[in-house]
Amino acid sequence: MSDPINAAWPSATALSLVDMDADGKPGVTMNYLTGGSFVAPRVGGTLFDDRAERPYSATRLVFSASGTLSSCTQASGPAIVSHIDSAIRGCKIAGDTRDCTGGEASFLDQNCVDYAVGTSTYDMVKVADAASCANVRAALP
């Protein structure tokens with residue numbers, strides 16, 4: 001996108017996706033939460049269509065943050081979210097080795113979650129340059 005902060009979010013097929021997680025699939029591969037009352041979405045409009053196991057997606061989150069330093073390494077305050085956009089460019093079919101077709105990906109994209117944000121806040125903690133994911137998770141509430 002030439003102006004990723006202000007430009008209109010394009011259709012999933014118009015996005016030029018990078019394989020951010022290096023798994024050979026466009027965008028970022030995610031997992032649908034399943035189990036209990038959660039089921040993966042169908043890739044079509046009938047009860048007989050396959051279910052998607054993992055979507056290949058792109059997301060844009062644009063926000064501004066203001067707040068207060070509570071120490072030399074911590075800050076918190078309100079966050080104003082101006083955009084949350086997402087697109088599903090493909091998927092893996094549940095219980096199968098195949099990826100979904102373009103039409104199935106389009107169905108998922110057209111029926112994916114549409115986010116709306118209310119009041120938002122943030123907590124920021126400075127961590128060491130060599131911090132692991134576990135260190136980052138432990139530093140935040």
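The shortest heavy-atom contact between Leu15 and Ala87 is CD1-CB, 3.6 Å. Summarising the geometry of Ala105 relative to Arg89, their closest heavy-atom pair is CB-O, 3.7 Å, with the distance given to 0.1 Å. The shortest heavy-atom contact between Tyr122 and Ala65 is CE2-CB, 3.5 Å.
Pro78 is listed as a side-chain neighbour of Ser66, based on a closest heavy-atom distance under 4.5 Å.
Cluster partners of Val62, using a side-chain heavy-atom cutoff of under 4.5 Å among ILVMFWY residues and allowing indirect links, are Ile5. If you chain together ILVMFWY residues whose side-chain heavy atoms come under 4.5 Å of each other, Phe63 ends up grouped with Leu61, Val81, Ile84, Val113, Tyr115, Val117. Counting Ile, Leu, Val, Met, Phe, Trp and Tyr side chains that sit under 4.5 Å apart, directly or through other members, Leu108 shares a hydrophobic cluster with Tyr32, Val43, Ile88, Ile93. Here Phe38 sits in one hydrophobic cluster together with Leu33; the rule is ILVMFWY side chains under 4.5 Å apart, joined directly or through other members.
Taking Asp49 as the reference, Thr46 meet the side-chain hydrogen bond (donor to acceptor under 3.5 Å, both in side chains) condition, with sequence neighbours excluded. Every salt bridge (charged side-chain N to carboxylate O under 4.0 Å, His left out) that Asp50 has, sequence neighbours left out, goes to Arg98. When the side-chain hydrogen bond (donor to acceptor under 3.5 Å, both in side chains) test is applied to Asn31, no partner is found at least two apart in sequence or on another chain. In this structure Thr59 satisfies the side-chain hydrogen bond (donor to acceptor under 3.5 Å, both in side chains) test with no other residue, sequence neighbours excluded. With sequence neighbours excluded, no residue forms a side-chain hydrogen bond (donor to acceptor under 3.5 Å, both in side chains) with Ser16.
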Q) Could you walk me through whether Val39 and Arg51 pass the side chain to side chain contact (heavy atoms under 4.5 Å, CB included) check? A) CA-CA 9 Å; Val39 295; Arg51 292 188 182 275; 3.7 Å; yes
Q: Evaluate the criterion side chain to side chain contact (heavy atoms under 4.5 Å, CB included) for residue pair Ser70 and Ser76; output intermediate values, then yes/no.
A: CA-CA 8 Å; Ser70 55; Ser76 62; 5.5 Å; no
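The local environment of CG in Asp114 is sparse, with at most 12 non-hydrogen atoms from other residues, nucleotides or ligands closer than 6.0 Å.
Put simply, the side chain of Glu104 gets close to the backbone of Thr101: a donor and an acceptor are under 3.5 Å apart.
In this structure, SG in Cys91 is found 11.0 Å from CG in Asp109, a value given to the nearest 0.5 Å. Distance CZ/Arg54 to NZ/Lys92: 5.5 Å, rounded to 0.5 Å.
Listed by first then second residue, pairs satisfying salt bridge (charged side-chain N to carboxylate O under 4.0 Å, His left out) with a partner in residues 56-85 read Arg60-Asp85, not counting sequence neighbours. Sequence neighbours left out, the pairs with a member in residues 14-42 that pass salt bridge (charged side-chain N to carboxylate O under 4.0 Å, His left out) are Lys25-Asp99. Within the structure, the salt bridge (charged side-chain N to carboxylate O under 4.0 Å, His left out) test picks out no pair touching residues 126-140 (sequence neighbours left out).
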